[in-house]
Amino acid sequence: MIKKYVYGNPFPTDAVVIEIEPAADKLPFFETDNQGGFTYSLSEDDIVYGLGEQIRGINKRGWQYVSWNYDNPNHQEDTRSLYGAHNFIIVCGAATFGAFFDYAGKMEFDIGYTKRSVMQIKAAQNDLAVYIITGENEKDIVKQFREIIGRSYVPPLWAFGYGQSRWGYKNEQDIRAVAEQYKAAGIPLDSIYLDIDYMEHYKDFTVDKERFPDLKKLVKDMKTQGIHLVPIIDAGVKIEEGYEVYEEGVRGNYFCKNADSEDFVGAVWPGRVHFPDFLQSETRKWFGKKYTVLTKLGIDGFWNDMNEPAIFYTEDRLADTCAEIKKLTAGNMGINEYFTFTGMVAGLNGNMGDYDKFYHNVDGQMVKHSDIHNLYGMNMTRSAFEALQEICPEKRTLFFSRSSYIGAHRYGGIWQGDNKSWWSHILQSMQQLPALNMAGFLFIGSDTGGFGCDTTEDLMLRWLQYSLFTPLFRNHSADGTREQELYRFDNVNAAAEMIKIRYSLIPYLYSEFLKAALNNEMMFKPLAFDFPEDLTAKQVEDQLLLGNELMIAPVYKQNAQGRYVYLPEEMMLVRMQSCNDYQTEILPQGHHYVNIALNELVFFIRNQRAIPFAQTAENTTQTDIHSLRLLGYSGSSYVLYWDNGSSPNPEDSLTVSTL
Ligand code: MIG
């Protein structure tokens, strides 16, 4: 059952797509101060799940989180905000219920941080809707929630292939070289990503003519090899006379304004920019249509970046900072002045105060950005999604975004933002998956191998062995870091086998994805969701159930030759060196130490279940679902969901068959 409680005058976020009448009774479970604050007493055994893309564990107890979409490539345990805001939690224990705090501004979730047994949730203003969901169990609560937030985005089938990306591919030759070297190494590939360097001076919807003289031909040549090129689009629009997007935006009043009703100026990669006011439907229509510049060249996938929006600096703060620094550095600078000075410089990027300085035009009303901050990225992706539905109505376009709010799951996927080539970031990515699924995000994945800093061969192999299970499977790294295309490593063979295994698993992964999307289910679940009576399962933070048949337990520690795994029931261990070389072993319920060599993939098939396993393929156009074999317990069957992989509504071509 879902009940809605309204406080003040909430801004319509469009997270919930079903009309729900506000309840007349008193808010259950929480005490409210009627000032945006909500308090719940946690029992010792309560678990709190959720918050989507956030730091720390599957159980969120013991930290304070802040929903404030934020560009933090250096996130660690002490971080409070990441790229997305997903204010949905499930409390499980003394009482079990779900709660969604539909509020687009800054929101704090103190989950036993200030006081171990108190959960304090606080919206910056008392203008929000709170949805309380009760049900049979966690999965039922999720299903009810997902029903009210609308169907999750389903990407084209090719988006389940492996993708290679790097910030630093500078020109056509670089792109062609990546394709050639993957082919030479015999590694399947479905996509290569174009980062900001394909643009002319980082201007959206332009292509640098010198470095990419004939993008249309490049797109075509790549397609004949089964490879899709996926360009990036940034939120900020460069201020430059004669640049069409800028001029149209100014003329149409499509940009965010400052307090004096002038177009607001921030600085990001292109230098000084205006930010499209994606909260206006007119802006969304205008900006969305711009994607045709690229679809006309044969492009059929995009990633939307910098849409928190990230702001490196604003002009007035820069001027103030420079003036202050002049004063600080005049004469003999003391150590306190020195730290004030470095702090001021570091504080330019993503400064909270800058988000108070611009406004959105919502039906003629000026709304301060910080009050609706977390909706910006969602509306950018919505702009693209809705426009592309009109421009290419016959097929799905791949979209994923960096920033998001609940509701954005209807328009695209998300990648989990900038991470690092750190072992801890394998685990961090994995711990977010169930929470993201709870919030509707199904097309998700991390920058495999790590985005920032230098990767190592063993980190890459272990990351592949995890990421090959995630719907979005992309190797991505930052400019200046060690190159990490798989052919760069000594043990290219082991990496190649992992990618081939991914392609053999695509029928299973895609089928489970369709089930999750069409039936409002989770693709990745904490163990306790399927084994609610098992007290040990409740504590497992580094294993996940995948679909209804698998359990994954990746290695995420350097030099580890294996790991401890907890089996909540008897399962079949599958140990693969390649699609055709594998061993299986039945393990009883309980604790096990499992050896896992660096070149091996280990996963578990649940008791009396089986999964479809295909011949590997060079890319998804070769995925053959007619020669599937079942892998797992003999005598068990599998229900396969399949469609043509491209029709806008999966239902239109859906087939459900039992193997
Ligand atoms: O400030 O476009 O998260 O994936 O490679 C960095 C360059 C801007 C951030 C994205 C990352 C991308 C990078 N971008």
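Counting starts at 1 for both ligands and their atoms, in listed order.
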Query raised in the report: Considering residues, nucleotides and ligands other than Glu210, do more than 12 of their heavy atoms fall under 6.0 Å from its CD?
Result: no
Report summary line: the protein heavy atom lying closest to atom 8 (C) of ligand 1 turns out to be Trp269 NE1, 3.2 Å
Query raised in the report: When Asp221 is tested against each of Gln225, Lys223, Lys217 for side-chain hydrogen bond (donor to acceptor under 3.5 Å, both in side chains), which residue passes?
Result: Lys217
Query - Interfacing atoms of ligand 1 (cut-off 4.0 Å, heavy-atom, Trp415) - result: 3 (O), 4 (O), 10 (C)
Query raised in the report: What atoms of ligand 1 come closer than 4.0 angstrom to any heavy atom of Asp418?
Result: 3 (O), 4 (O), 9 (C), 10 (C), 11 (C)
Query raised in the report: With atoms numbered from 1 as shown, which atoms in ligand 1 lie under 4.0 angstrom from a non-hydrogen atom of Met306?
Result: 1 (O), 8 (C)
Report task. Tell me whether the guanidinium CZ or amine NZ of Arg80 lies under 6.0 angstrom from the six-membered ring centre of Trp68 and within 45° of its axis. Result -> no
Query raised in the report: Among all protein non-hydrogen atoms, which one is nearest to atom 4 (O) of ligand 1, and what is the separation to 0.1 Å?
Result: His476 NE2, 2.9 Å
Requested in this report: Give the C-alpha distance, both sets of side-chain angles, the deciding distance and a yes or no for side chain to side chain donor-acceptor pair (under 3.5 Å) between Arg56 and Gln431.
Outcome: CA-CA 8 Å; Arg56 298 208 177 202; Gln431 288 172 320; over 6 Å; no
**Report entry** Carboxylate-amine/guanidinium contact Arg402 Glu308, below 4.0 Å
**Finding:** yes
Report summary line: The atoms of ligand 1 lying under 4.0 Å from a heavy atom of Trp303, numbered in the order shown, are 4 (O)
Requested in this report: Could you tell me whether Arg402 and ligand 1 have an N or O pair separated by under 3.5 Å?
Outcome: yes
Query raised in the report: Just which atoms of ligand 1 are under 4.0 Å from any heavy atom in Asp305?
Result: 2 (O), 3 (O), 8 (C), 9 (C), 10 (C), 12 (C), 13 (C), 14 (N)
**Report entry** More than 12 heavy atoms of other groups within 6.0 Å of Asp490 CG
**Finding:** no
Query raised in the report: Short list, please: which atoms of ligand 1 are under 4.0 Å from a heavy atom of Ile232?
Result: 2 (O)
Query raised in the report: At what distance is the nearest protein heavy atom to atom 12 (C) of ligand 1, and which residue and atom is it?
Result: Asp195 OD2, 3.4 Å
Query raised in the report: What pair of heavy atoms forms the shortest contact from Ala85 to Ser67, and how long is it?
Result: CB-CB, 3.9 Å
